[in-house]
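Working notes for the structure below.
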Amino acid sequence: MKVTIHTDTATLPQLPEGSYFHSRELMELCLRTPRHKPYMVVVTDDDGEVVAHLLAVERYRYVWMPPMLHRHVRILGEGVYVGEKENMVFSMMIHALTRQLSGRSMYMEVSHLSQKMFGYAPLRAEGYFPVKWMNVHNSLHSKTPEERITPRQLEHVTQAIERGVETHEVKTDKDFKAFSRLMRHHYWLKLRRYLPDNAFFKGMMDDGHCKILLTTYKGKTVGCSVMVYSEGDAYLWYTASRRKSYASLHPNGVTFWNSIRQAHKDGCQHIHFLDVGLPFRHNPYRDFILSFGGKEVSTLRWFRISFRWLNKLASWLWRE
């Protein structure tokens with residue numbers, strides 16, 4: 001089998017359908033988005049047929065601390081495979097990407113693998129270290145959202161909606177500007193979290209792969225969320241709210257609740273929450289998400305820091 005890394009969609013072969021997070025469409029969008037550089041690794045058999053592909057995205061961020069230019073690589077999921085997912089094929093892709101990108105970026109991160117132990121040996125062999133994490137998702141196919149939410153949380157959002165808090169889909173430039181202002185204000189001091197350029201969100205909306213929801217109260221924007229659709233599921237990728245300024249109106253709760261209801265209305269089987277906070281034992285944000293009827297799944301998130309001594313130290317600190 002042959003492994004090739006593509007940095008332009010013009011050289012890509014025909015790829016099998018699968019996760020949007022590893023699609024040609026997302027790669028094309030990243031190429032058009034400032035401070036994004038995609039790398040699509042493709043594995044082909046002896047006949048030249050594609051057997052697997054995996055998309056890694058290098059993202060650039062300017063910070064006030066040296067080094068001024070901060071690069072990191074994010075991989076969401078294990079990629080798309082023809083037939084059974086194999087550790088050997090995954091190992092080939094991770095090896096190729098790590099060899100090409102580890103010297104360019106500050107760190108590489110692999111998250112949201114479908115099974116906790118998938119890729120364990122290949123990632124260990126390439127110098128990645130695992131951090132115990134929790135993923136959260138809500139099932140939308142067997143019960144309605146109203147049957148899963150806790151009574152206390154339902155009371156909060158119902159009271160807020162009765163007082164005039166409402167959520168609608170972003171479709172106008174005015175709404176998009178309001179969304180962008182709130183999102184950038186919310187993420188301004190969050191050092192670990194990265195917020196893409198507006199072109200990224202507009203591109204996903206235009207391609208029909210995402211919906212942006214805006215929560216308002218008397219004409220003021222108090223919350224927003226970005227939902228991405230892939231393989232019959234919804235993924236809540238980014239959220240923001242003015243939860244401290246409007247605490248009594250529970251803007252975060254109303255935004256989450258209406259996002260879940262929108263995913264259910266759209267016929268999604270599940271809604272996944274892509275960022276449930278750092279893996280502390282007591283995490284109020286994760287508890288808040290679980291109050292909507294979600295299910296916790298224990299998983300691993302993998303990291304590899306380019307500075308060898310720091311990677312060894314982190315591996316020791318997060319040793320199992």
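Side chains are part of it too, since the values below use all heavy atoms of this structure and drop only hydrogens, waters and symmetry mates.
Side-chain atoms of Thr221 and Thr216 form no donor-acceptor pair, as typed in the model, at a separation below 3.5 Å. Neither side chain, Asn135 nor Arg301, offers a donor N or O lying under 3.5 Å from an acceptor on the other. If you check the side chains of Ser225 and Ser259, you find a donor sitting under 3.5 Å from an acceptor. Side-chain contact annotation: Ser102 with Ser306, donor-acceptor N/O pair under 3.5 Å absent. Side-chain contact check for Ser298 and Lys116: at least one donor-acceptor pair (N or O, by modelled atom type) lies under 3.5 Å. With hydrogens and angles left out, the side-chain atoms of Asp197 and Thr33 include no donor and acceptor closer than 3.5 Å.
Note: Phe129 and Trp318 have parallel aromatic rings, judged against thresholds of 30 and 60 degrees for the angle between ring planes. Aromatic ring pairs are classed by plane angle as parallel below 30°, tilted from 30° to 60° and perpendicular above 60°; the pair Phe292 and Trp257 is parallel. Classified by interplanar angle (parallel below 30°, tilted 30° to 60°, perpendicular above 60°), the ring pair His137/His270 is perpendicular. The aromatic rings of His209 and Tyr20 lie parallel to each other, with less than 30° between the two planes, well short of the 60° mark.
Checked against a 6.0 Å centroid threshold, the rings of Phe201 and Trp237 do not count as neighbours. A centroid separation of less than 6.0 Å is found between the aromatic rings of His72 and Tyr107. When ring centroids are compared, Phe256 and Phe273 come within the 6.0 Å threshold.
Judged purely by atom type and a 3.5 angstrom limit, Thr150 uses its side chain to pair as donor or acceptor with the backbone of Ser291. With hydrogens and angles disregarded, a donor-acceptor distance shorter than 3.5 Å links the side chain of Asp45 to the backbone of Gly48. Between the side chain of Ser139 and the backbone N or O of His141 there is no donor-acceptor pair closer than 3.5 Å. Between the Asn311 side chain and the Phe307 main chain, no donor and acceptor come within less than 3.5 Å of each other. Of the possible donor and acceptor atoms, none in the side chain of His264 sits under 3.5 Å from a partner among the backbone N and O of Gln262. Without hydrogens or angle criteria, Arg242 side chain to Lys220 main chain gives no donor-acceptor distance under 3.5 Å. Asp175 contributes no side-chain N or O that, together with a main-chain N or O of Val170, makes up a donor-acceptor pair within less than 3.5 Å.
In this structure, the side chains of Arg74 and Ser111 come closer than 4.5 Å at one or more pairs of heavy atoms. The closest side-chain heavy-atom distance from Glu296 to Arg286 is below 4.5 Å. Side-chain contact between Ile212 and Glu169 is absent, with no heavy atoms from C-beta onward closer than 4.5 Å. For the pair Leu236/His272, no side-chain contact is recorded, criterion being any heavy-atom separation below 4.5 Å from C-beta on. Residues Val42 and Leu15 meet the side-chain proximity criterion, which asks for heavy atoms closer than 4.5 Å. Taking the side chain as every heavy atom from C-beta outward, Asn138 and Ile260 approach each other to under 4.5 Å. By the 4.5 Å heavy-atom criterion applied to side chains, Pro38 and Leu55 are counted as neighbours. Looking at Arg104 and Leu101, their side chains come closer than 4.5 Å, going by heavy atoms from C-beta outward.
Interatomic distance, CG of Leu249 versus CD1 of Ile161, reported as 11.5 Å (0.5 Å rounding). Rounded to the nearest 0.5 Å, atoms NE2 (His53) and OG1 (Thr44) are 13.0 Å apart. In this structure, OG1 on Thr299 lies 6.0 Å from CG on Leu113, to the nearest 0.5 angstrom. To the nearest 0.5 Å, the span separating OH on Tyr128 from CG on Leu300 amounts to 14.5 Å. Distance CD/Glu166 to NZ/Lys218: 12.5 Å, rounded to 0.5 Å. Atoms CD and NE2, from Glu78 and His22 in turn, are 7.0 Å apart once rounded to the nearest 0.5 Å.
Residue Asn87 comes nearest to Gly119 through the heavy atom pair OD1-N, 3.0 Å, listed as atom of the first residue, atom of the second, then distance. What you find for Leu140 and Cys268 is that their closest heavy atoms are CB-O, 3.4 Å. The nearest pair of heavy atoms linking His6 to Met27 is O-CE, 3.3 Å. Taking all atoms of both residues into account, the shortest heavy-atom contact from Val157 to Ile149 is CG2-CD1, 4.5 Å. Here the closest heavy-atom approach between residue Leu182 and residue Ala240 is recorded as CD2-O, 4.1 Å. Closest approach of Phe200 to Cys30, counting heavy atoms only: CE1-SG, 4.2 Å.
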Thr255 vs Thr215, side-chain hydrogen bond (donor to acceptor under 3.5 Å, both in side chains): CA-CA, chis, key distance, verdict: CA-CA 6 Å; Thr255 302; Thr215 299; 2.8 Å; yes
Intermediate values then yes/no, side-chain contact (heavy atoms from CB on, under 4.5 Å), Leu54 and Met40: CA-CA 6 Å; Leu54 176 73; Met40 182 75 82; 5.9 Å; no
Full working for side-chain contact (heavy atoms from CB on, under 4.5 Å) between Tyr235 and Met227: CA-CA 5 Å; Tyr235 295 80; Met227 279 201 306; over 6 Å; no
Worked check of side-chain contact (heavy atoms from CB on, under 4.5 Å) between Trp302 and Tyr120: CA-CA 9 Å; Trp302 295 84; Tyr120 188 96; 3.6 Å; yes
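Cluster annotation: Met93 and Ile5 are assigned to the same hydrophobic cluster (Ile/Leu/Val/Met/Phe/Trp/Tyr, side-chain heavy-atom contacts under 4.5 Å, transitive).
Salt-bridge check for Glu126 with Arg99: failed, with every basic side-chain N at 4.0 Å or more from each acidic carboxylate O. Salt-bridge formation is not detected for the pair Lys2/Asp46: no Lys NZ or Arg NE/NH1/NH2 atom is positioned less than 4.0 Å from an Asp or Glu carboxylate oxygen.
Cation-pi contact between Lys37 and Tyr60: absent, since separation from the ring centre below 6.0 Å together with deviation from the ring axis within 45° is not met.
Taking the salt bridge (charged side-chain N to carboxylate O under 4.0 Å, His left out) definition, one finds that Glu146 meets it with Arg261, sequence neighbours left out.
For Glu147, the CD atom counts as densely surrounded, since its 6.0 Å shell holds more than 12 non-hydrogen atoms of other residues, nucleotides or ligands. Other residues, nucleotides and ligands contribute over 12 non-hydrogen atoms within 6.0 Å of the CZ atom of Arg148.
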